[in-house]
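Structure first, then comments.
Chain naming here is simple, since letters A, B, ... match the order of the sequence lines and numbering starts at 1 in each.
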There are 2 protein chains.
Amino acid sequence: MRTDARRNVESLLEAAKTVFGTAGVDAPAKQITDLAGVGVGTLYRHFPQRADLIKAVIEREIDACADAAPALAGELPPGDALARWLDRLAELIATKRGFAAALHSGDPAYAGLPGYLLEKLAPALGSLLDAATAAGEIQAGVTPRDLLYAVAKLGAPLPGEEPGYGRRMVALLVGGLRRD
Amino acid sequence: MRTDARRNVESLLEAAKTVFGTAGVDAPAKQITDLAGVGVGTLYRHFPQRADLIKAVIEREIDACADAAPALAGELPPGDALARWLDRLAELIATKRGFAAALHSGDPAYAGLPGYLLEKLAPALGSLLDAATAAGEIQAGVTPRDLLYAVAKLGAPLPGEEPGYGRRMVALLVGGLRRD
DNA sequence: GCCTGAAGCGGAATGTCTTTCCGGAACTAT
DNA sequence: ATAGTTCCGGAAAGACATTCCGCTTCAGGC
């Protein structure tokens, strides 16, 4: 792949993340290409469907979340590391505009997203979970998969509910898993 | 309101429900007006924003769900009536295309929806819950509000997960509430 | 029953957005 | 340096949602 092409993809992802954050995921494509300093054609060359761009941005966030796990594991006791990481995930789902919407949209364009989330985050969560279980700080028998689904669903905000309600429910769930 | 106008509104809601069910909530407006035998102008006269139509269709489903509660209460023991009603609600959220999406969209256009759901369903659920508690079939201390939110969130399908997963999780939750 | 003003209707026209297309510019391997 | 790709930009096409307005239909008063 040509270096200028890679650079453009990078600019587009960065710009899209910014625009999605401020104007929502339904912002006109033009706004994104202008910010990226690129023509519309370039956007569509790399992301043939609008949904592809959204998917790519979300996948980056998922990657970033997965990458955060080792650092937390190194800094905190296993139980705390687990709790903090799950809160980070809940925050991602609760606050990134359009993340929960895409996840629950039912649109086939986003069909692969939960799978990607599972695939990327299950190992990260698995190792945190194993460490916490081995340290006796968590009751055994919880699968990463079920926990991820639960967080993904409980963390999604319902419009009109107090902000943070979903995150609190997740914290409650996690608290229930921990031994005192 | 003129009778023909009311009739048209009725046709539109009926048509919209059908089209949303088959082609999804993003179906072109023309498809709906054609099925309803009405011009586009008529659609926009009654539902100025597209979201208004979607909201209206969903609110009808919510009403229907609320209306189902008394019948169930009359036919079944309190605990079973509660379980069946919650399953009906979970099914509504899990299978009606776009219902969960609208609920979790974050779009301000749907901001009132969770409130409407709460307002309409809390009394219905409250009476089922009270009856089951009084009969000793359910542990006390659950509020209709929290239970409704939990079902609304857990019941929402994640694309790619086996169908029925959400409904099963709801059933599990309900099972946990019941005394044996 | 008929008349009349208001309420409502249809669908062409408008505006906004996504998506396509292609002539020309920019990169890279030789 | 050059040839051969690969990529780029932005104008044009297409698909929608939404608006607008002349014409039709209703309903209450005579």
> Just how far, in rounded Å, is C1' of D:dC26 from CG of B:N8?
Replying inline: 12 Å

> Under 4.0 Å between a side-chain N or O of B:T3 and OP1 or OP2 of D:dA27?
Replying inline: yes

> Expressed in angstrom and rounded to an integer, what is the separation of B:I32 atom CD1 from D:dA17 atom C1'?
Replying inline: 12 Å

>> It should be established whether B:T42 places a side-chain nitrogen or oxygen under 4.0 Å from OP1 or OP2 of nucleotide C:dG10.
In response: yes

>> Just by distance, no angles: are the side chains of B:Y44 and B:D52 close enough, under 3.5 Å, to form a donor-acceptor pair?
In response: no

> Salt-bridged, B:R168 to B:E162, with N to O below 4.0 Å?
Replying inline: yes

> Could you state the CD-C1' distance from A:Q31 to C:dC17, rounded to the nearest angstrom?
Replying inline: 13 Å

> Between B:D26 and B:M1, which is nearer to the 5' end of DNA chain D once each is assigned its nearest nucleotide?
Replying inline: B:D26

> Is any side-chain nitrogen or oxygen of B:Y44 closer than 4.0 Å to OP1 or OP2 of D:dT19?
Replying inline: no

> Do any side-chain nitrogens or oxygens of B:H46 fall under 4.0 Å of OP1 or OP2 in C:dC9?
Replying inline: yes

> Expressed in angstrom and rounded to an integer, what is the separation of B:R7 atom CZ from C:dG10 atom P?
Replying inline: 10 Å

> Taking the nucleotide of DNA chain D with the closest heavy atom to each, which residue, B:D4 or B:V40, is nearer the 5' end?
Replying inline: B:V40

> Do you know the tightest heavy-atom contact between B:A36 and B:L12?
Replying inline: CB-CD2, 3.9 Å

>> Suppose the criterion is salt bridge (Lys or Arg N to Asp or Glu O under 4.0 Å): which pairs have a residue in residues 41-51 of chain B, not counting sequence neighbours?
In response: none

> Starting at CZ of A:R50 and ending at C1' of C:dC17, how long is that distance when rounded to a whole Å?
Replying inline: 9 Å

>> Any base atoms under 4.0 Å from A:A27, or only sugar-phosphate, or nothing? Heavy atoms, all strands.
In response: sugar-phosphate

>> If I take atom CG in residue B:L53 and atom P in nucleotide D:dC16, what distance separates them, rounded to the nearest angstrom?
In response: 17 Å

> Should B:Q49 be listed as having a side-chain N or O under 4.0 Å from OP1 or OP2 of D:dA17?
Replying inline: no

>> Testing the basics here: between A:G166 and A:E161, what is the closest heavy-atom pair and its distance to 0.1 Å?
In response: N-OE2, 3.6 Å

>> In whole Å, I'd like the distance from the CZ atom of A:R6 to the C1' atom of C:dC27.
In response: 15 Å

>> Whole angstroms only, please: what is the NZ-P distance between B:K30 and C:dA12?
In response: 9 Å

> Between the base of C:dT28 and the side chain of A:R2, is there any donor-acceptor pair under 3.5 Å?
Replying inline: no

>> Does A:T33 reach a base, just sugar-phosphate, or nothing at all? Heavy atoms under 4.0 Å.
In response: nothing

